[in-house]
Amino acid sequence: MTTKIAIFGVGLIGGSLALCFKGKPGITVVGHAHRPESLKRIEERGVVDAATLSMEEAAADADFIFLCVPVGLLEDYLRKLTELPLKPGCIVTDVGSTKASVAACAAKIARPGVHFIGGHPMAGSERSGVEAASTLLFENAYYVLTPSPDVPEEAYQRLEQLLAYTKAQIVRVDPVLHDEIVGAISHLPHIIAVALVNQVRNYNDGNGLYRMLAAGGFRDITRIASSDPVIWRDILLSNRDVLLHLLKDWNREIEGFITLLEAQNGEGIEAEFQKANQFRSELPERRKGAITSLFDIYIDVPDTPGIIGQIATELGLRHINLSNMQIIESREDVPGVLRLSFRQEGEMERAKAHLQSLGYVVYV
Ligand SMILES: NC(=O)C1=CN([C@@H]2O[C@H](COP(=O)(O)OP(=O)(O)OC[C@H]3O[C@@H](n4cnc5c(N)ncnc54)[C@H](O)[C@@H]3O)[C@@H](O)[C@H]2O)C=CC1
Ligand SMILES: O=C(O)C(=O)Cc1ccc(O)cc1
């Protein structure tokens, strides 16, 4: 007996799920695309067993349906699906970054024999599209499921079992609580990153030195400002009420700093850093959360032509995936420091060991 999985919206998340399931015993993965160009991209990337432009064909006889489209389209897709003949016992799930609105919609249009279980894999990246899909995206990440109380335990278990292929850790959370928490730890940071980049962008209009000097740390803390505008428009609008609340709290935090600075209150500033330091040191180590970390190593490199190409080639030959490469400083008489970033801790460890074996001085 085969298990059919239909994926609507085969982009970064849909494509990564498809890669986790494809080729597993008894599983067939069918991808749905809304236009011929997307269909071509999915086929070229080879993430599914079959791809189609027909919703009906994709959904027919599916045991699991994953909705992996932007949040603003989820309710539309749910409505369209309820008009199609679905296999009895079919599980419909989604991967949207907000959960309350889609749960409310599913409850309204629920029909017997079809189980909706909201989901949110809390790993991703600022990149989008099927080209960025990876089997490793969800490994060691949390995957939130938000079943309503009337979802049978048997259906929940079936989905949980299937998701074991992602190697993520499943967590059950109430959809409204999910939106409050993820609003604070993911959506608010995205707004802050975008606002910060745009603030500096405005200063840079008057003096290009801002951009020139804004490397390193600025780049790190604003990585997520490069996220897809349409995906994030939908997320923020969908979690509007929570975010308006959080932004008011954020204003109060910033006001606090203004007051401390105006009063030249050094002790107060120190106390703020100490509080933050303490809480941050208690964050779980190295597990992927809503904001994915990169794993960095630093290497001293002599300023000789071709050295960077040599390092990249060495890693490429060993199939070690490099996510980013940056020269921190390079003057003629000083060795440069090269930063290599990896999305997987394992890749970072392999790169470190290999480069050390070649005689490079590597720091973590
Ligand atoms: N980007 C991330 O890191 C994460 C995103 N999510 C959620 O996953 C969902 C998908 O996001 P990504 O995979 O990042 O985006 P993506 O842009 O890589 O993929 C979106 C997919 O939806 C399709 N699509 C776009 N517009 C469409 C339309 N008008 N009609 C039908 N299909 C359309 C696209 O062709 C693409 O296949 C979103 O709901 C997002 O909130 C969840 C976790 C992480
Ligand atoms: O790039 C990052 O670190 C992210 O923030 C990825 C991300 C984006 C959206 C989500 O709902 C969850 C994770």
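Both counts, for ligands and for their atoms, begin at 1 and track the order of listing.
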**Q.** Options S125, P121, S186, ranked by nearest heavy atom to atom 43 (C) of ligand 1, top entry
**A.** P121
Q) Under a 4.0 Å heavy-atom limit, does W232 contact ligand 2 with its side chain, its backbone, both, or neither? A) side chain
Q) Which is it for I235 and ligand 2 at heavy atoms under 4.0 Å: side chain, backbone, both or neither? A) neither
Salt bridge between [X] and [Y], side-chain N to carboxylate O under 4.0 Å?
X: E272; Y: K275; value: yes
X: R350; Y: E347; value: yes
X: R339; Y: D220; value: yes

How does [X] reach ligand 1, if at all, at less than 4.0 Å between non-hydrogen atoms: by side chain, backbone, both, or neither?
X: Y77; value: side chain
X: I231; value: side chain
X: I235; value: side chain

Q) Of all the heavy atoms in G15, does at least one lie under 4.0 Å from an atom in ligand 1? A) no
Q. Heavy atom of D228 under 4.0 Å from ligand 1?
A. no
(Q) Using ring centroids (six-membered ring only for Trp), state whether F218 and Y210 fall under 6.0 Å. (A) no
Q.
Tell me whether K80 forms a cation-pi arrangement with Y77, defined as NZ or CZ under 6.0 Å from the six-membered ring centre and within 45 degrees of its axis.
A. yes
Looking at ligand 1, does any of its N/O atoms fall within less than 3.5 Å of an N/O of [X]?
X: I13; result: yes
X: S128; result: no
X: G96; result: no
X: R127; result: no
X: L12; result: yes
X: H120; result: no
X: A123; result: no
X: V130; result: no

Q | Check: T93 side chain, I117 main-chain N or O, donor-acceptor pair, under 3.5 Å | A | yes
Q) Are any of the N or O atoms of H120 closer than 3.5 Å to those of ligand 2? A) yes
Q | Heavy-atom nearest neighbour in the protein, as seen from atom 32 (N) of ligand 1, with distance rounded to 0.1 Å | A | H34 ND1, 3.2 Å
Q. Would you say the side chains of Q274 and Q278 form a donor-acceptor pair under 3.5 Å?
A. no
